[in-house]
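What follows is a single structure, written as structure tokens, with notes after it.
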Amino acid sequence: MSTYRTHHCAELRLSHAGSEVTLSGWVASRRDHGGLVFVDLRDREGLTQVVFDPQNLPGSHDLRSEDVVRVRGKVAARPEGTANPKLATGEIEVHALTLDVLNRSETPPWPLDEENVNEDLRLQYRYLDLRRPRMTRHLRLRHAVASAVRAHLDGEGFVEIETPMLFKSTPEGAREYLVPSRVHPGLFYALPQSPQQFKQLLMVAGIERYYQMARCFRDEDLRADRQPEFTQIDLEMSFIEREDLYRLVEGMMRRVWKTALGVDLAIPFPRLSFREAMDTFGSDKPDRRFAMRLVDLTDAFRASAFKVFAGAVAAGGVVKAINAKGFADATQGQIDLLTEHAKAAGAKGLAWIKVEGGAWKSPIVKFFSDAEKAALAERLAVEEGDLILFAADAWAPACDVLGKLRTILAEILRKLGKLRIPENTWDFLWVVDFPLMTFDRDSQRHVSTHHPFTAPVPEDVPLLKTDPTKVRGQHYDLVLNGVELGGGSIRIHQPEVQRMVFEDVLKIPKEIADSRFGYLVKALSFGAPPHGGIAVGFDRLCAILCGAESIREVIAFPKNAKAQDLMTNSPGEAEPRQLRDLRIQAAKPQG
RNA sequence: GGUCGCGUAGCUCAAUUGGUUAGAGCGCCGCCCUGUCACGGCGGAGGUUGCGAGUUCGAGCCUCGUCGCGACCGCCA
């Protein structure tokens with residue numbers, strides 16, 4: 001038995017009354033009555049009230065927040081009327097017989113029970129921040145989720161395999177962290193953005209089912225849900241089709257939700273094509289917990305007197321609208337704000353109608369015919385108090401604009417109490433049938449919508465050379481409550497198809513394709529099995545399960561928004577000697 | 001790189017139109033207190049209002065610059 005404890009601080013109950021126990025932990029709070037001292041002793045499990053008689057234990061007067069102590073004492077039922085129903089151990093207390101101060105604590109820089117505190121400070125003293133029960137809960141939930149994932153994948157025959165952190169620079173995609181090689185001066189490794197290529201090589205190696213809690217690195221600007229290093233549940237399987245993978249991930253998520261929240265998720269998750277998602281929600285990661293669907297009005301305004309609409313249709317575009325129910329009382333400022341967002345999303349302006357006092361108030365409604373008004377009223381189910389917002393443009397930008405407005409409106413209406421987004425609703429879905437290629441106007445060439453290893457849908461392969469943007473990829477995104485949780489694809493496993501994508505479709509010069517991806521194409525040529533996989537954002541997953549706003553809340557030692565670690569003060573300068581060894585000269589910023 | 005927001009005591013926040021010596025709660029220090037659990041009582045310490053200029057008789061408040069932090073946009077195959 002430990003000399004430090006016989007029980008933890010959330011363990012003792014009335015049934016223990018009379019027994020002698022030893023507890024160790026931190027002083028969470030003290031209430032010194034002079035002749036009697038109460039201390040809430042905290043360990044990772046919870047709180048226990050310890051009662052000291054300072055005549056016998058004078059040191060109890062000197063206890064301070066966060067001192068580490070060991071207490072031996074007798075468990076006693078609390079006197080009549082003094083039980084604390086807020087504590088699991090609230091029926092009892094420990095009457096201290098001995099007190100050992102194992103370590104003193106400086107006064108904490110902020111009261112640890114204060115939730116709303118400057119994040120700088122929390123990150124600078126992260127070890128104190130993590131003592132708080134909420135953060136302890138986050139880390140332990142994260143562990144429980146990781147365990148559930150491992151248990152599930154183990155049960156499905158997966159093998160956990162580590163892949164290198166020191167990888168090769170592949171300049172496509174996210175900016176990478178470069179690592180200089182001392183042995184090869186002037187040459188660099190890169191930290192992996194994901195183990196993508198290795199997991200495919202493991203399939204060629206015949207592993208068949210691989211997974212890894214993979215640390216990934218991206219040297220891009222940060223967000224609340226983005227860190228320079230983050231963790232993915234990364235997995236890959238051979239001899240599967242998309243549906244096989246959906247089933248696997250659905251089972252895994254079901255297990256995770258059961259473990260973490262005790263919730264039975266409904267599976268299978270619905271599937272929505274990219275086209276349909278954009279068309280009805282204006283997003284490839286739609287939050288369907290609220291309606292506010294995009295409605296198509298193209299045919300109704302084909303011949304409209306309102307030239308903005310008719311013109312868009314004539315140019316091959318669409319007219320679409322959404323109904324922000326109950327927002328007819330939007331202020332001019334709010335309309336302006338929405339217009340700003342619409343413009344930022346690529347719209348030229350924002351047409352709107354307020355339905356107030358039985359009338360349609362709008363700068364544009366005078367152009368509408370009765371038939372057009374009737375179509376509007378019917379398709380948007382227009383009622384008193386509604387605010388209708390329009391987009392008239394080519395299909396993709398029109399959907400995009402309204403999709404962004406939809407998200408913003410939902411947030412505004414939710415705050416105003418006009419839209420209720422149900423809590424504890426887990427709206428999972430698969431978004432599928434993405435276009436394999438997107439035409440990039442800047443570089444005037446086709447780029448992979450996701451990555452160049454995604455296999456085309458078999459029946460679309462003939463279009464690869466003729467009309468690449470029409471080719472659907474076997475890519476899938478896992479979406480939860482409007483958050484992209486993960487994505488993956490069935491990969492190309494025939495070397496000639498992979499080579500064609502690199503050279504004929506993406507127009508990557510042969511030498512570059514060879515030097516960057518030659519080993520992969522070569523590997524495919526040695527009997528690569530059909531395979532595919534997915535990467536699920538583990539930090540985001542944990543944040544959602546914890547109800548946290550930011551993934552920083554579920555990472556033990558995260559970086560701040562400037563990618564710094566405020567506790568260790570990194571990044572920091574390197575010694576001149578280190579730089580000399582690496583043959584690197586730091587170009588100091590001006591000033 | 002851009003837009004917006006924030007920066008006042010250790011922490012969370014006040015400070016009327018630009019006007020006296022910048023306040024409160026918590027925390028901290030000292031004394032008192034045997035049933036508290038947001039313990040209570042009395043007393044005390046603690047401030048370059050992020051920094052620098054400017055306007056003004058006078059700036060926490062206005063202007064400009066700068067630094068820091070955050071959110072978003074760009075970016076994230």
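- Within 4.0 Å of A/D113, counting heavy atoms only, lies no atom of the nucleic acid at all.
- Within 4.0 Å of A/R552, counting heavy atoms only, lie sugar-phosphate atoms of the nucleic acid but no base atom.
- Within the structure, every side-chain polar atom (N or O) of A/K404 is placed at least 4.0 Å from both OP1 and OP2 of B/C73.
- B/G60 and B/C76 have their C1' atoms separated by 40 Å, with the value rounded to a whole Å.
- Of the N and O atoms on the side chains of A/S489 and A/Q474, not one donor lies less than 3.5 Å from an acceptor on the other residue.
- The aromatic rings of A/H451 and A/F453 are tilted relative to each other, their planes meeting at an angle between 30° and 60°.
- Listed pair A/Q227 / B/C76 fails the phosphate criterion, with no side-chain N or O lying under 4.0 Å from OP1 or OP2.
- Comparing B/A59 with B/U20, their C1' atoms sit 15 Å apart, to the nearest whole Å.
- If you check every strand for non-hydrogen atoms under 4.0 Å, A/L47 touches nothing.
- Among the protein residues, A/N560 comes within range of the sugar-phosphate backbone only, with heavy atoms under 4.0 Å from sugar or phosphate atoms but none that close to a base.
- A/R30 comes within contact range of the sugar-phosphate backbone alone, with a heavy-atom separation under 4.0 Å but no base atom that close.
- The gap from the P atom of B/U63 to that of B/G7 amounts to 14 Å, rounded to the nearest Å.
- Between the A/T48 side chain and the A/E93 main chain, no donor and acceptor come within less than 3.5 Å of each other.
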Pairs under 3.5 Å (Watson-Crick or G-U), crossing ones as [ ], inter-strand ones as |: RNA chain B comes out as (((((((..((((.....[...)))).(((((.......))))).....(((((..]....))))))))))))....
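- Toward the 5' end of RNA chain B, the nearer of the two residues A/F38 and A/P452, judged by each one's closest nucleotide, is A/F38.
- Put simply, A/R226 has no side-chain N or O that comes within less than 4.0 Å of OP1 or OP2 on B/G74.
- Atom C1' of B/G27 sits at a distance of 11 Å from the matching atom of B/G46, rounded to the whole Å.
- Counting non-hydrogen atoms under 4.0 angstrom, A/R218 reaches the backbone sugars and phosphates but no base.
- A salt bridge does not link A/E411 to A/R406: none of the charged side-chain nitrogens sits closer than 4.0 Å to a carboxylate oxygen.
- Comparing B/C11, B/C69, B/G35 by their closest approach to the side chain of A/P111 singles out B/C11.
- No engagement by A/Q193 is indicated, since no non-hydrogen atom pair under 4.0 Å with the nucleic acid exists.
- Using a 4.0 Å cut-off between charged nitrogen and carboxylate oxygen, A/D40 and A/R31 count as a salt-bridge pair.
- If you look at A/F434 and A/Y476, their ring centroids are not closer than 6.0 Å.
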